[in-house]
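So the structure is just underneath, and the comments pick up after that.
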Amino acid sequence: MMKYELEEALKNASTEEKTVIITVINKAYVEPHNGEYPSMFDLFLDGFWEGEMTRPLMDYLLVVAMDQTAYERCKFRRLHCYRLITDGVDFAGEKMYMSEEFIKMMWRRTKFLMDVLKLGYNFIFTDTDVMWLRNPFLMLIKSKNLDLQMSTDWFNGDPLSNSNSINTGFYYVRSNIKTISLFELWYAMRRNSNGMKEQDVLAKLISQGVNKELGLRIKFLDTLHFGGFCSNNKDIKLVVTVHANCCRSIEAKVADLKNVIMDWKRFNECHVAAGDEERNTSTFGNNFKWSRHISCSNSWHVLNSTLS
C-alpha cells in the first residue's frame, strides 16, 4: 500500500521526464519558532514565489512529511504531499545535531530517496533551508551525461574533483543502475558508521573512488551558483540557490534566511528601477552586498544548539 501511495505521489508531482523536486519537513520546520512567523517552511516556499522562473516549479515539488503536523500543513498549502511513516520513531521535533535521532532521520531520508530512484524517478533533493532564487534546471539539465550533481560547502575550483567538500542538502540524481547501486552501498554502510551522519559516509565513499568503481559521472557544483552561508554567493547576478549551511539552529537559519529574501527583493527593486541600458551592463549589481549571517555565526557559540 505504501509503495502504491508513493508511486501515485511521484506521478502527480513529476515532469514529463519523470523528475521531481523533493524536500523533507517535520513539525519543527512548519511551526514558527517562539510563535513568530514565518516558519522555515514558509520561507522555503517564499523563495519559490520570489525567485526568477521558480513559481511554476512548485508543480513538481513533492513535500515529504515526517509527522502528521507537517503533513497537515503541507495539505493546507495545497502542495503535493507524502506522509513518510517510520514505525516506533518520532521525527516531529528539532533534532540535536549528530544526536542518535538526528542520524536516524538522515538515514531514513536516504532510504526514501533510494526508493524513489528504484521506482524510476530522477530527483532534485533540496533541504528546506535552501532558497531557490533562480531555476536550477536551466543549469542542471544541460549535463545530460551526468549521473549525479551535488552541492558543496567549499568548492575547490574543479567540478570533477573528489576532494570537494560535499553537501547533501542540494543535489540532482538521475535514476539508473549506477545511482541505485550507489544508494544501496551508501545506505548499507550505516551499520558500520556509528557516530557518522549520512553526508560524511557519502563523502568517504567518494574520496575512496566509488565513482570509478561504479562508473558514476559526478559533478560538484560551484558555490558561485549553488552557494550558502559557508561560501557566500559573491555575485548576485549568478546566484541560483542559497543554503543556510554552517548554521546550528532553526531559529538562526530563519533569522538569516529572512535577510536573504529581503536582500533578493532589494536587488530586484533596484533592477526594476534601473534603466534598460544600466541593466544590460556587466557591472549592474556589482555594488550589491548580502547581509551578514549574524544569527548563524552566533549559533555556534550557543550551548545545546541544534540542526535539523
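The basis for the numbers below is simple: all heavy atoms, side chains too, and nothing from hydrogens, waters or symmetry mates.
- Paired with I22 under the rule side-chain contact (heavy atoms from CB on, under 4.5 Å), one option of V64, I124, V63 passes, and it is V64.
- The side-chain heavy atoms of F44 and V30, taken from C-beta on, include no pair separated by under 4.5 Å.
- For a disulfide, the SG atoms of both cysteines must be under 2.5 angstrom apart; this fails for C246 and C296.
- A donor-acceptor contact shorter than 3.5 Å is absent between the side chain of R217 and the backbone of L148.
- Using a 4.5 Å cut-off on side-chain heavy atoms (C-beta onward), E50 and W264 make contact.
- Taking the six-membered ring for Trp and the full ring otherwise, the centers of Y172 and F125 sit at least 6.0 Å from each other.
- In this structure, the side chain of N122 engages the main chain of S175 through a donor-acceptor pair within 3.5 Å.
- Between the side chains of D42 and S39, a donor-acceptor pair is found at a separation under 3.5 Å.
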For this session: Would you check, one step at a time, whether the test ring pair (Phe, Tyr, Trp, His ring centres under 6.0 Å) holds for F155 with F226?
Result: CA-CA 10 Å; F155 181 67; F226 301 91; over 10 Å; no
Exercise. Going through the distances and angles, do Q68 and E72 end up as a side-chain contact (heavy atoms from CB on, under 4.5 Å)?
Worked result: CA-CA 6 Å; Q68 190 61 28; E72 291 173 359; 3.4 Å; yes
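- Looking at T128, its side chain never comes within 3.5 Å of a backbone N or O of I25 through a donor-acceptor pair.
- Of the possible polar contacts, one joining the D67 side chain to the A70 backbone as a donor-acceptor pair under 3.5 Å is found.
- Panel note: side chain Q149, backbone L140; a donor-acceptor pair is recorded below 3.5 Å.
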For this session: Apply the test side-chain contact (heavy atoms from CB on, under 4.5 Å) to residues N167 and H243: give CA-CA distance (whole Å), side-chain angles for both, the deciding distance (0.1 Å), then the verdict.
Result: CA-CA 10 Å; N167 189 300; H243 187 186; 3.3 Å; yes
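- Judged by distance alone, with hydrogens and angles left aside, the side-chain atoms of T152 form no donor-acceptor pair with the main-chain N or O of S165 at under 3.5 Å.
- Checking each of L57, I141, T126 against P136 for a side-chain contact (heavy atoms from CB on, under 4.5 Å) leaves exactly one that passes, namely L57.
- Looking at L43 and K258, their side chains come closer than 4.5 Å, going by heavy atoms from C-beta outward.
- W132 and F170 have their aromatic ring centers within a separation under 6.0 angstrom.
- Looking at D127, its side chain never comes within 3.5 Å of a backbone N or O of D129 through a donor-acceptor pair.
- Using cut-offs of 30° and 60° on the angle between ring planes, the pair F288 and W290 is perpendicular.
- Side chain of R190 to main chain of Y187: a donor-acceptor pair is present (N/O by atom type, distance under 3.5 Å, no hydrogens or angles).
- Using a distance-only test at 3.5 Å, with no hydrogens or angles considered, no donor-acceptor pair links the side chain of S161 to the main chain of D158.
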Exercise. For K111 and D115, what are the C-alpha separation, side-chain angles and deciding distance, and is it a salt bridge (Lys or Arg N to Asp or Glu O under 4.0 Å)?
Worked result: CA-CA 6 Å; K111 169 68 164 57; D115 292 340; 3.1 Å; yes
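- A donor-acceptor pair is defined here as one N or O able to donate and one able to accept, closer than 3.5 Å; such a pair exists between the side chain of D263 and the backbone of S291.
- With salt bridges taken as basic N to acidic carboxylate O contacts below 4.0 Å, none links R83 and E5.
- A salt bridge links D147 with K178: the closest approach of a Lys/Arg side-chain nitrogen to an acidic carboxylate oxygen falls below 4.0 angstrom.
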